[in-house]
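Okay, structure first, notes after.
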Amino acid sequence: MSTTETPRSLNFIEEIIEDDFKTGKHTEVVTRFPPEPNGYLHIGHAKSICLNFGLALEYGGRCHLRFDDTNPAKEEQEYADAIKRDVHWLGFDWQEHLYHASDYFQQLYDFAEHLIRSDKAYVDSLTAEEIREHRGTLTEPGRESRFRTRSVEENLDLFRRMRAGEFEDGAHVLRAKIDMASPNINMRDPVLYRIKRETHHRTGDDWCIYPMYDYAHPISDALESISHSLCTLEFEAHRPLYDWCIDNLPMLPSKPRQIEFARLNLNYTVMSKRKLLRLVQEKHVNGWDDPRMPTISAYRRRGYTPEAIRAFAEEVGVAKRENVIDVALLEHSVRNHLNKTANRVMAVLRPLKVVIENYPAIETEWFDSPNNPEDASAGTRRVPFSRELWIEQDDFMEEPSKKYFRLAPGREVRLRSAYFVTCTGVVKNDAGEITEVLCTYDPATRGGDAPDGRKPKATLHWVSAGDAIDCEVRLYDRLFRSEFPEDAGDFLADINKDSLEVIPHAKLEPSVKGATPETRYQFERLGYFVVDSETTGEHPVFNRTVTLKDTWSKVATKG
RNA sequence: UGGGGAGUCGCCAAGUGGUAAGGCAGCGGCCUUUGGAGCCGCCACUCGGAGGUUCGAAUCCUCCCUCCCCAGCCA
């Protein structure tokens, strides 16, 4: 090896895969991403998507997209469509390998009959409450149902009649016959099928019995010859059942292995689908793609890039210990990508009028400004300059502190790509508020450099007042005030009321005119912004993706 | 007090018996036509704890402690 770089070490799943190659257990990696279409995908799913599709890419295998649609009461086509859109947007392609657990309903049913014939499953007619009572507790074994000893014939007959719709919902269930005394509660004769008269978004009313996850999942994996079935930690105790299903159905074409990893958690947000659903349904946010949500579609609307999210997933790693990732790491990932790819532009959020007294009123001159100092190939754009400009209110202080080095009376600063200007005074209204800042400019500093080499301490962004585009800018802050919103009890009580600030009339340089949704910019000195999906020609709307790192704010708050 | 997992820097995470990678955050400094970016430096004598084995232990053994998951006809 001539390289001095240390290769990234393998995560524990990669180690298993490489070991399987070494021992000849597998010659190919086949993974799957198995969402239930009952909500939108969130950043936690993104980790799983990157893991599953990433492993397939890394080892030249494939990754299936399989909808785990075994509970029609909660599932909808809209969610399935959104999920496909999000996976594609993240940059992954399942090609022809789009599957549904519901594709296997008939096979799943036939396998269930096989289990019955093998005396490995039985129809139980206890009520749900009775089943719960019979299950025992964590420390006491369960009790066998009085229906557990039904004959194979009777079980087969009952199961067929369940399928035929002869019984009410809940009248019977099909259970695996395993061990009511197992220390693993999941092995105490788990339910395999329940009667549920719900219209399924794909199979309509073809079925009135639906398989449970624990039964459908391992079989679906096996039917697709999944080699490594990756899921989250809470399924660890279900693994014996996963293996039980596969081991008792010898006609299955393969024996996949379930491997569990720790799900992603992010601070200052909630991640459970149930809670995200509530935020949407109770209108605490404006839909699943509200830019404050941790959903993939929200991050997209917020201006995040697929590259940034993939890099984030890579950064957080894969292991088995519970973790809470600092949202600052996610923000780092976007800044990192956008810094290299987003064109710079000038926008003033909170405008303060500047009048350059020695600049001719009728004149407009155009300056070239770099689109991206990080990337010369991004070229330059033309920005108009005139006598009246907007600058940020924050960039002027009548009585500056010692560490403040922006514009102040008597002080000279550079206007980015334009001229040096010196503040000569202010105009105030009757209330004593500053309405205008008066300046003079130095014609010799055209373009932003002084022939005598003097360097102002500050460079300000600005927009020519007469040329500015009026636009709406939405500033987002974290949706929750606490690092762990669910810890205090009611996570809704922790919602940050100031998580959205709308600036109805920000001033934008004219080069941005006509930008289409999802176009990303850096507003110089402010942050990264993206054209929102609600933008129109007459009413441009921008979302703040993330601020720039702001060392001044640290200095300022330290005092 | 059953079973299954996990404990390495504030947050992640390498490490697989040979003397604690890296990233984020933080803190200094340099540089800068973004107080951005970039660059440089600092940031675990110690790996949940206590014993033991060994020339040598985060890695092996024993005991203990803490945290997470499981009692849906959800996934």
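Quick note on labels: first sequence line is chain A, next is B, and so on, each numbered from 1.
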Without decimals, in angstroms, what is the distance between A:Arg344 CZ and B:U32 C1'?
14 Å
When both distances are under 3.5 Å in a Watson-Crick or G-U wobble arrangement, the nucleotide paired with B:G2 is B:C70
Between A:Lys320 and A:Glu260, is the closest basic N to carboxylate O distance under 4.0 Å?
yes
With respect to the phosphate group of B:A37, does any side-chain polar atom (N or O) of A:Lys340 fall under 4.0 Å of OP1 or OP2?
no
Roughly how far apart, to the nearest Å, are B:U53 and B:C61 at atom C1'?
7 Å
Between A:Arg406 and A:Glu392, is the closest basic N to carboxylate O distance under 4.0 Å?
no
Which one is paired to B:U16, where only Watson-Crick or G-U wobble pairs with both distances under 3.5 angstrom count?
none
Any strand: nucleotide that pairs with B:C30 via Watson-Crick or wobble, under 3.5 Å:
B:G38
Of all the choices, B:C24, B:C73, B:G5, which nucleotide is nearest to the side chain of A:Val191 once you look at every atom?
B:C73
What's the closest nucleotide to the A:Glu315 side chain, out of B:A71, B:G23, B:G36?
B:G23
Expressed as a whole number of angstroms, how long is the span from A:His461:NE2 to B:G36:P?
15 Å
Of all the choices, B:U34, B:G35, B:U1, which nucleotide is nearest to the side chain of A:Thr139 once you look at every atom?
B:U1
Is the closest side-chain donor-acceptor distance between A:Asp221 and A:Tyr242 under 3.5 Å?
yes
Using OP1 and OP2 only, check whether a side-chain N or O of A:Arg66 sits under 4.0 Å from B:A75.
no
Please tell me which of the listed nucleotides, B:A71, B:C73, B:C74, lies nearest to the side chain of A:Val173?
B:C73
Mind checking the P distance from B:A21 to B:U62? Whole angstroms is fine.
29 Å
Gap in Å between the two C1' atoms, one belonging to B:G29 and one to B:A6, rounded
41 Å
Flag the pair A:Arg263 and A:Glu234 as a salt bridge only when some basic side-chain nitrogen lies within less than 4.0 angstrom of an acidic carboxylate oxygen.
yes
Tell me if B:G72 is syn or anti. Syn = glycosidic torsion within 90° of 0, anti otherwise.
syn
Base, sugar-phosphate, or nothing: which does A:Phe235 touch, judged by heavy atoms less than 4.0 Å apart?
base
Rounded to whole angstroms, how far apart are CG on A:Leu138 and C1' on B:A71?
6 Å
B:C60: pairing nucleotide in any strand, Watson-Crick or G-U under 3.5 angstrom
B:G52
Could you work out which one of B:C73, B:G35, B:A75 sits closest to the side chain of A:Asp550?
B:G35
Got a salt bridge between A:Arg175 and A:Asp124, using NZ or NE/NH1/NH2 to carboxylate O under 4.0 Å?
yes
If the threshold is 4.0 Å, N to carboxylate O, is there a salt bridge linking A:Glu133 and A:Arg143?
no
Length of the line joining A:Leu241:CG and B:G72:C1', which is rounded to integer Å
14 Å
Reading RNA chain B from 5' onward, which residue's closest nucleotide shows up sooner: A:Phe12 or A:Asn372?
A:Phe12
Grab the CH2-C1' distance between A:Trp207 and B:C73 for me, whole Å please.
17 Å
Has A:Lys554 got a side-chain N or O lying under 4.0 Å from the OP1 or OP2 atom of B:G26?
yes
Report yes if a side-chain nitrogen or oxygen of A:Thr70 is closer than 4.0 Å to either non-bridging phosphate oxygen (OP1 or OP2) of B:C74; otherwise report no.
no
Could you tell me whether A:Val327 contacts a base, only the sugar-phosphate backbone, or nothing, with contacts defined as non-hydrogen atoms closer than 4.0 Å?
nothing
What's the CG-P distance between A:Leu548 and B:G36, to the nearest Å?
8 Å
Pairwise C1' distance for B:C11 and B:A25, with rounding to whole Å
7 Å
Between B:C39 and B:G22 - P atom distance, rounded Å:
15 Å
By nearest nucleotide on RNA chain B, pick out whichever of A:Phe405 and A:Asn184 is the more 5' one.
A:Asn184
Write down the distance separating the C1' atoms in B:G56 and B:U46, rounded off to the nearest Å.
16 Å
Using a cut-off of less than 4.0 Å, is there contact between a side-chain N or O of A:Arg188 and OP1 or OP2 of B:C70?
no
Counting just side-chain N and O atoms, does A:Arg321 come under 4.0 Å of either OP1 or OP2 of B:A13?
yes
Would you say A:Lys320 reaches B:C68's phosphate, i.e. side-chain N/O to OP1/OP2 under 4.0 Å?
no
Looking only at B:G2, B:A25, B:G15, the nucleotide nearest the A:Ile185 side chain is B:G2
Without decimals, in angstroms, what is the distance between A:Met212 CE and B:C73 C1'?
6 Å
Distance below 4.0 Å between A:Arg525 side-chain N/O and B:G35 OP1 or OP2:
yes
Interatomic distance at P, B:C67 relative to B:U8, whole Å
15 Å
For a quick test of reading the model: is some side-chain N or O of A:His332 closer than 4.0 Å to OP1 or OP2 of B:C24?
yes
Quick check for you: among B:G35, B:C70, B:A25, whose closest atom lies nearest to any side-chain atom of A:Thr459?
B:G35
When both distances are under 3.5 Å in a Watson-Crick or G-U wobble arrangement, the nucleotide paired with B:C11 is B:G23
Tell me: CG of A:Asn339 to P of B:G36, nearest whole Å?
12 Å
State whether A:Arg160 and A:Glu166 are salt-bridged, where the test is any N-O pair (Lys NZ or Arg NE/NH1/NH2 against Asp/Glu carboxylate O) under 4.0 Å.
no
Is the base of B:G35 stacked against the aromatic ring of A:Trp552, taking ring centres under 5.5 Å apart and planes under 30° as the test?
yes
Nearest to the A:Lys74 side chain among B:A13, B:G15, B:C74, which nucleotide is it?
B:C74
Would you say A:Arg163 has more than 12 foreign heavy atoms packed within less than 6.0 Å of its CZ?
yes
Just to confirm, is there a sub-4.0 Å distance from OP1 or OP2 of B:A75 to any side-chain nitrogen or oxygen of A:Arg194?
yes
Residues A:Asp189, A:Arg148: salt bridge by 4.0 Å N-O rule:
yes
Span that lies between the C1' atom of B:A50 and that of B:U66, in whole angstrom
15 Å
